[in-house]
Amino acid sequence: MDLILWRHAEAIELDLVGDDMVRTLTPRGEKQAARMAAWLDRQLPEGAKVWASPALRTEQTAKALGRKFKTSPALAPLATVDQLLELVQWPHAKGCVVVVGHQPTLGQTIAKLLALGDQELVVKKGAVWWLRYREREAANKTVVLTVQSPELL
């Protein structure tokens with residue numbers, strides 16, 4: 001199974017709208033989302049499933065990919081690692097799943113899957129972490145395939 005964790009691109013500040021769920025992408029965030037989406041679209045297999053948080057900024061980020069996606073409250077701001085992993089059926093799902101979500105959940109998920117304990121990794125806005133679960137004779141492992149930042153594409 002491949003799991004791609006994509007943090008939403010840069011969004012407007014909360015104090016401008018007062019409701020975290022309706023924050024939109026900034027013009028810079030729109031560029032970040034478009035850049036990362038173009039790269040991802042070239043890499044993703046056709047049957048990849050795409051999930052997004054119901055927050056507007058994550059939906060806008062996911063829309064940049066130009067593929068169908070579903071939203072789930074299991075990916076909303078402050079969702080838990082366990083909610084995310086249950087939604088994507090880690091590690092038993094087949095194929096590739098993309099999750100467009102938020103910090104700190106994405107960083108906590110990466111730390112858990114890489115057996116880093118209670119550490120919290122920071123995922124930059126608009127960045128992607130691509131993880132793969134491999135079953136081997138001796139042990140099962142999570143492998144980091146790539147980490148991409150929109151600024152470096």
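Computed from a predicted structure; not experimentally measured.
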With a 3.5 Å distance limit and no angle check, can you tell me whether Gln83 reaches the backbone of Thr80 through a side-chain donor-acceptor pair?
yes
More than 12 heavy atoms from other groups under 6.0 Å of CD on Glu86
no
Ion pair check, Arg57 and Asp20, cut-off under 4.0 Å:
yes
So, applying side-chain hydrogen bond (donor to acceptor under 3.5 Å, both in side chains) with Gln32, which one of Arg7, His8, Lys124, Glu151 is it?
Glu151
Starting from the C-alpha separation in whole Å, work towards a yes-or-no answer on salt bridge (Lys or Arg N to Asp or Glu O under 4.0 Å) for Lys125 and Glu10.
CA-CA 6 Å; Lys125 290 176 183 163; Glu10 182 181 273; 5.6 Å; no
Taking the ring of Tyr133 and the ring of Trp90, is the distance between their centroids below 6.0 Å?
yes
In the single-linkage hydrophobic clustering (I, L, V, M, F, W, Y; side-chain heavy atoms under 4.5 Å), do Leu114 and Val123 co-cluster?
yes
Are Val99 and Trp130 co-members of a hydrophobic cluster defined by side-chain heavy atoms under 4.5 Å apart?
no
Please check if any side-chain donor atom of Ser53 sits under 3.5 Å from a side-chain acceptor atom of His102, or the reverse.
yes
From CG (Leu78) to CD (Gln103), nearest 0.5 Å
11.5 Å
Ignoring hydrogens and geometry beyond distance, is a side-chain donor-acceptor pair present between Gln108 and Gln119 at under 3.5 Å?
no
Calculate, to the nearest 0.5 Å, the distance between atoms CG and CG belonging to Leu113 and Leu85 respectively.
5.5 Å
Flag yes if Val100 and Val128 sit in one hydrophobic cluster, no otherwise; membership is Ile, Leu, Val, Met, Phe, Trp, Tyr, and two members link when side-chain heavy atoms are under 4.5 Å apart.
yes
Could you state the interatomic distance from OG1 (Thr26) to NZ (Lys31), rounded to the nearest 0.5 Å?
9.0 Å
Are Leu131 and Leu116 co-members of a hydrophobic cluster defined by side-chain heavy atoms under 4.5 Å apart?
yes
Ignoring hydrogens and geometry, is there a side-chain-to-backbone donor-acceptor pair from Thr105 to Ala79 under 3.5 Å?
yes
Are Trp51 and Leu44 connected into the same hydrophobic cluster when the rule is that any two of I, L, V, M, F, W, Y join if their side-chain heavy atoms are below 4.5 Å apart?
no
Ser149 and Met36 have their tightest heavy-atom pair at C-CE, 3.7 Å
Walk me through it: do Leu56 and Arg23 pass the test side chain to side chain contact (heavy atoms under 4.5 Å, CB included)?
CA-CA 6 Å; Leu56 185 53; Arg23 292 172 54 207; over 6 Å; no
For Asp118, does the CG atom sit with more than 12 other heavy atoms under 6.0 Å from it, leaving out its own atoms?
no
Gap between atom CG of Leu25 and atom NZ of Lys63 - 0.5 Å precision:
10.5 Å
Salt bridge (charged side-chain N to carboxylate O under 4.0 Å, His left out) partner of Asp2, chosen from Arg132, Lys94, Arg134:
Arg132
Trp129 versus Leu106: any side-chain heavy-atom pair under 4.5 Å?
no
Before giving the answer on side chain to side chain contact (heavy atoms under 4.5 Å, CB included), spell out for Val97 and Ile4 the whole-Å C-alpha distance, their side-chain angles and the decisive distance to 0.1 Å.
CA-CA 6 Å; Val97 179; Ile4 300 167; over 6 Å; no
Can a salt bridge be assigned to the pair Lys112 and Asp82 using a cut-off of 4.0 Å between side-chain N and carboxylate O?
yes
